[in-house]
Amino acid sequence: MNIEYSVLPDPQISCANCEACCCRLEVRLLTDTGVPHRYIGENAHQIEVMKRLDDGWCAALDRNTLMCSIYANRPLVCREFEMGSYECKVEREDILGIKA
Ligand code: SF4
Ligand code: SF4
């Protein structure tokens, strides 16, 4: 049996042709990266997460540029979320309806 699969990120996918889909996910704060307190909330299980506003996006997302306003201090989860990864493609398809 010959199973082919790729673990490499998809080069066709770019944050530049996205709408910050991953910034609508719940982001847990696993380590202290210096996220300003005003952006930190709690989920239903009293676990620290990035606050999200009524539009669904993370409170730290710049709504004009759709870029992270605290990039140097973004949480570990955000640092590890890879553009073009399987998880990225799932979010893009769910929110934008873009099939990779
Ligand atoms: S990492 Fe993926 S889901 Fe997140 S903004 Fe970039 S392209 Fe969109
Ligand atoms: S901290 Fe920045 S990268 Fe992480 S979800 Fe919020 S806006 Fe997106």
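These numbers were taken from a predicted model, which means no experiment stands behind them. Every number for a ligand or one of its atoms is a count from 1 in the order of the listing.
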Peer 1: Within the side chain of K51, is there an N or O that forms a donor-acceptor pair under 3.5 Å with the backbone of R38?
Peer 2: yes
Peer 1: Nearest to atom 2 (Fe) of ligand 2, what protein heavy atom do you find, and at what distance?
Peer 2: C68 SG, 2.4 Å
Peer 1: Using a 4.0 Å heavy-atom cut-off, say whether C23 meets ligand 1 through its side chain, its backbone, both or neither.
Peer 2: neither
Peer 1: With heavy-atom distances below 4.0 Å as the criterion, list the atoms of ligand 2 near P75.
Peer 2: 1 (S)
Peer 1: To the closest 0.5 Å, what do you measure between CG (L30) and CD (E48)?
Peer 2: 10.5 Å
Peer 1: Does K89 come within less than 4.0 Å of E87, counting only side-chain N to carboxylate O?
Peer 2: no
Peer 1: What distance separates C15 SG from L66 CG, expressed to the nearest 0.5 Å?
Peer 2: 11.0 Å
Peer 1: Under a 3.5 Å distance rule, please check whether W57 uses its side chain to pair with a backbone N or O of A20 as donor and acceptor.
Peer 2: yes
Peer 1: Distance to 0.1 Å, residue and atom name: give those for the protein heavy atom nearest to atom 6 (Fe) of ligand 2.
Peer 2: C58 SG, 2.4 Å
Peer 1: Does D55 pair with R24 as a salt bridge, N-O distance under 4.0 Å?
Peer 2: no
Peer 1: What is the minimum heavy-atom distance between R79 and A72, and which atoms define it?
Peer 2: NH2-O, 3.1 Å
Peer 1: Within a distance under 4.0 Å of any heavy atom of C78, pick out the atoms of ligand 2 and give their elements.
Peer 2: 1 (S), 3 (S), 4 (Fe), 5 (S)
Peer 1: Does any N or O in the side chain of R28 come within less than 3.5 Å of the main-chain N or O of M50, such that one atom is a donor and the other an acceptor?
Peer 2: no
Peer 1: So, does S69 use its side chain to make a donor-acceptor pair with the main chain of D62 at under 3.5 Å?
Peer 2: no
Peer 1: Can you name the atoms of ligand 1, numbered from 1 with element, that are less than 4.0 Å from a heavy atom of S14?
Peer 2: 7 (S)
Peer 1: Counting no waters, what protein N/O/S atoms lie under 2.8 Å from atom 8 (Fe) of ligand 1?
Peer 2: C18 SG
Peer 1: Is S85 close enough to touch ligand 1? Criterion: a residue heavy atom under 4.0 Å from a ligand atom.
Peer 2: no
